[in-house]
Amino acid sequence: ADRAALDFALEHGFAIKGYCPNGRRAYDGILDEKYPLLETESSAYPPRTRLNVKIAQATVIFNGLPEFSKGTHTTIKYARDHHKKYLVLQNFPDIEKDAQELKAWLKAVNPESLNIAGNGEHKCPGIHSHVLNVLRKALL
């Protein structure tokens, strides 16, 4: 989900600001340099998650699994700890439903900056395409 959000931002000229684990560690190898992210001191994922939640006004979490993953629980915890608004979208693979829910939430919350998080393609095949399509429908 995170990578899809970055791809969407690059594709449509949205500003990108955020963090990745030290060494640009990603589940599928090394995160491409085309994504202008700062590296945290740790190669673990939670410090990156905490910083990304902290610097954004709000967070959207794409959950395509029957239950919340450890990463989703962690993201929600950090959002609560930092008193940030968050939305968990759980309608995968229903693009229309997620897009409608996101659009309505964004209109109500009106954040200046948005952190997008969620499941990876390795745990939820098809999530990258889903997130791209939801963002296109909700934001363009």
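Heads up: numbering here begins at 1 and tracks the sequence. This one's a predicted model, so the numbers in the text were calculated from it and none came from an experiment.
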Could you give the distance from [atom1] ([X]) to [atom2] ([Y]), rounded to the nearest 0.5 Å?
{"X": "Lys97", "Y": "Gln90", "atom1": "NZ", "atom2": "CD", "answer": "10.5 Å"}
{"X": "Ile61", "Y": "Thr74", "atom1": "CD1", "atom2": "OG1", "answer": "10.0 Å"}
{"X": "Phe14", "Y": "Leu114", "atom1": "CZ", "atom2": "CG", "answer": "10.0 Å"}
{"X": "Leu31", "Y": "Arg25", "atom1": "CG", "atom2": "CZ", "answer": "12.0 Å"}
{"X": "Leu132", "Y": "Lys137", "atom1": "CG", "atom2": "NZ", "answer": "13.0 Å"}
{"X": "Asn63", "Y": "Asn91", "atom1": "CG", "atom2": "CG", "answer": "10.0 Å"}

Taking C-beta and beyond as the side chain, do [X] and [Y] meet within less than 4.5 Å on heavy atoms?
{"X": "Lys77", "Y": "Asp81", "answer": "yes"}
{"X": "Val109", "Y": "Leu87", "answer": "no"}
{"X": "Lys54", "Y": "Tyr78", "answer": "no"}
{"X": "Leu135", "Y": "Leu102", "answer": "yes"}
{"X": "Leu89", "Y": "Trp105", "answer": "no"}

- Task: Go through the steps for Tyr19 and Thr49 under the test side-chain contact (heavy atoms from CB on, under 4.5 Å), then give the verdict.
- Result: CA-CA 8 Å; Tyr19 295 87; Thr49 301; over 6 Å; no
- Any chance you could lay out the side-chain hydrogen bond (donor to acceptor under 3.5 Å, both in side chains) test for Arg80 and Tyr86, step after step, and finish with the verdict? CA-CA 8 Å; Arg80 289 176 177 161; Tyr86 68 92; 2.9 Å; yes
- Message: Check this for me: Lys84, atom NZ, are more than 12 non-hydrogen atoms of other residues, nucleotides or ligands nearer than 6.0 Å?
- Response: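 Yes - once you tally the heavy atoms of other residues, nucleotides and ligands closer than 6.0 Å, there are more than 12.
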Give me the atom names and distance for the closest heavy-atom approach of [X] to [Y].
{"X": "Ala5", "Y": "Val131", "answer": "N-CG1, 4.3 Å"}
{"X": "Ile55", "Y": "Ser113", "answer": "O-OG, 3.8 Å"}
{"X": "Leu37", "Y": "Arg24", "answer": "O-NH1, 3.2 Å"}
{"X": "Thr75", "Y": "Ala117", "answer": "CG2-CB, 4.3 Å"}
{"X": "Ala138", "Y": "Ala99", "answer": "CB-O, 3.8 Å"}
{"X": "Val134", "Y": "Ile95", "answer": "CG2-O, 3.8 Å"}

- Between Tyr27 and Tyr45, does the ring centroid distance fall short of 6.0 Å? yes
- Task: Please find out if less than 6.0 Å separates the ring center of Phe92 from that of Phe62.
- Result: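 No, ring centres 6.0 Å or more apart.
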- Given Arg48 and Asp2, is the side-chain contact (heavy atoms from CB on, under 4.5 Å) satisfied, shown in steps? CA-CA 12 Å; Arg48 171 245 13 215; Asp2 312 31; 3.9 Å; yes
- Same cluster or not: are Phe8 and Ile127 linked, directly or through other Ile, Leu, Val, Met, Phe, Trp or Tyr residues, by side-chain heavy atoms under 4.5 angstrom apart?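 Yes, Phe8 and Ile127 fall within the same hydrophobic cluster.
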- Query: Given the rule that I, L, V, M, F, W and Y join up when any side-chain heavy atoms are under 4.5 Å apart, are Ile30 and Leu38 in one cluster?
  - Reply: no
- Answer yes or no: is there an ion pair linking Glu121 with Arg3, defined by an N-O contact shorter than 4.0 Å? no
- Query: Is there a donor in the side chain of Ser69 and an acceptor in the side chain of Thr72, or the other way round, less than 3.5 Å apart?
  - Reply: yes
